[in-house]
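A quick write-up on the structure given underneath.
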Amino acid sequence: QRQLVEAGGGLVQAGGSLRLSCVASSNIESITVMGWYRQASGEQRTVVALASTSGRENYADSVKGRFTISRDNAKNLVHLQMNNLKPEDTAVYYCYAYGRPWTSRQWNTYWGQGTQVTVSS
């Protein structure tokens with residue numbers, strides 16, 4: 001069973017917008033941080049935006065002012081609104097969560113399966 005399920009990737013022209021969504025499995029009891037990473041072809045996975053339960057948000061410099069993360073703690077949901085997309089935003093976007101399952105006291109890192117975002121020039 002996948003612990004994080006993503007939706008919302010696709011193909012868009014430069015300047016366009018996309019919204020990514022991710023929901024965590026009900027098997028996860030507590031999540032402290034939830035957000036998004038991305039990995040372009042041939043490159044390492046890097047952070048895009050993270051949101052903590054306390055409301056603190058962090059963004060990569062390259063997306064500040066264009067991307068907005070929002071989180072529904074009660075529903076274990078996180079969204080990423082991406083505006084003014086650029087070709088260099090093209091990547092596979094992965095949902096991320098740091099949490100603990102109901103069945104254990106062990107805190108874990110969870111990853112979604114990834115969703116492709118392609119921005120054409």
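Computed from heavy atoms alone, side chains included, the values below leave out hydrogens, waters and symmetry copies.
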- Query: Any idea which heavy atoms bring E57 and I69 closest together, and the distance?
  - Reply: OE2-O, 3.5 Å
- N-O pairing of K86 and D89 below 4.0 Å: no
- Test: R45 cationic atom under 6.0 Å from Y94 six-membered ring centre, within 45° of axis: yes
- One should read off an interatomic distance between S120 OG and L11 CG, to the nearest 0.5 angstrom, of 5.0 Å
- So, do W36 and C22 sit near enough that their side-chain heavy atoms are less than 4.5 Å apart? yes
- Task: Using distance alone, with no hydrogens and no angle criterion, decide if H79 and S21 have a side-chain donor and acceptor under 3.5 Å apart.
- Result: yes
- Message: With heavy-atom distances below 4.5 Å as the criterion, would you say the side chains of Y96 and V33 are in contact?
- Response: yes
- For the residue pair C95 and V78, establish whether any side-chain heavy-atom pair is separated by less than 4.5 Å. yes
- When you look at R71 and T53, which way does the side-chain hydrogen bond (donor to acceptor under 3.5 Å, both in side chains) test go after all the steps? CA-CA 8 Å; R71 187 177 159 184; T53 305; 3.2 Å; yes
- Query: Mind checking whether N76 and I31 have side chains closer than 4.5 Å, heavy atoms only?
  - Reply: yes
- Task: Begin with the C-alpha distance, continue with both residues' side-chain angles, and end with the deciding distance and a verdict on side-chain contact (heavy atoms from CB on, under 4.5 Å) for Y59 and T68.
- Result: CA-CA 9 Å; Y59 294 91; T68 303; 4.0 Å; yes
- Can you check whether Y110 reaches P101 side chain to side chain, under 4.5 Å on heavy atoms? yes
- Given R100 and T32, is the side-chain contact (heavy atoms from CB on, under 4.5 Å) satisfied, shown in steps? CA-CA 9 Å; R100 183 180 66 190; T32 57; over 6 Å; no
- Message: Please say yes or no: joined through hydrophobic side-chain contacts below 4.5 Å, possibly via intermediate residues, are Y93 and Y98 part of one cluster?
- Response: no
- Query: Side-chain contact, heavy-atom cut-off 4.5 Å: V117 with M82?
  - Reply: yes
- Are side-chain N/O atoms of T46 and Q44 paired as donor and acceptor at under 3.5 Å? no
- Query: Is a side-chain donor-acceptor pair under 3.5 Å present for Q81 with N83?
  - Reply: yes
- Message: Please check this pair: side chain of R38 against backbone of A91, looking for a donor-acceptor N/O pair closer than 3.5 Å.
- Response: no
- Approximate separation, where rounding is to 0.5 Å, of N73 CG and M34 CE: 9.5 Å
- Can you name the nearest heavy-atom pair linking A14 to S121, along with the distance? CB-CA, 4.3 Å
- Separation between CD of Q116 and CD of E6, rounded to the nearest 0.5 Å: 12.0 Å
- Query: Same cluster or not: are L18 and L80 linked, directly or through other Ile, Leu, Val, Met, Phe, Trp or Tyr residues, by side-chain heavy atoms under 4.5 angstrom apart?
  - Reply: yes
- Message: Run W107 and S30 through side-chain contact (heavy atoms from CB on, under 4.5 Å) and show every step you take.
- Response: CA-CA 9 Å; W107 289 85; S30 300; 3.8 Å; yes
- Message: Are Y37 and W111, when compared by the centres of their aromatic rings, separated by less than 6.0 Å?
- Response: yes
- Check the hydrophobic clustering (I, L, V, M, F, W, Y; side-chain heavy atoms under 4.5 Å; chains of links allowed) and say if V92 and L4 are grouped together. no
- Using the side-chain hydrogen bond (donor to acceptor under 3.5 Å, both in side chains) rule, take E88 and T90 through it: C-alpha gap first, then chi angles, then the decisive distance, then the call. CA-CA 5 Å; E88 50 264 42; T90 295; over 6 Å; no
- Query: Can you find a pair of side-chain heavy atoms, one from N27 and one from Q3, that are under 4.5 Å apart?
  - Reply: yes
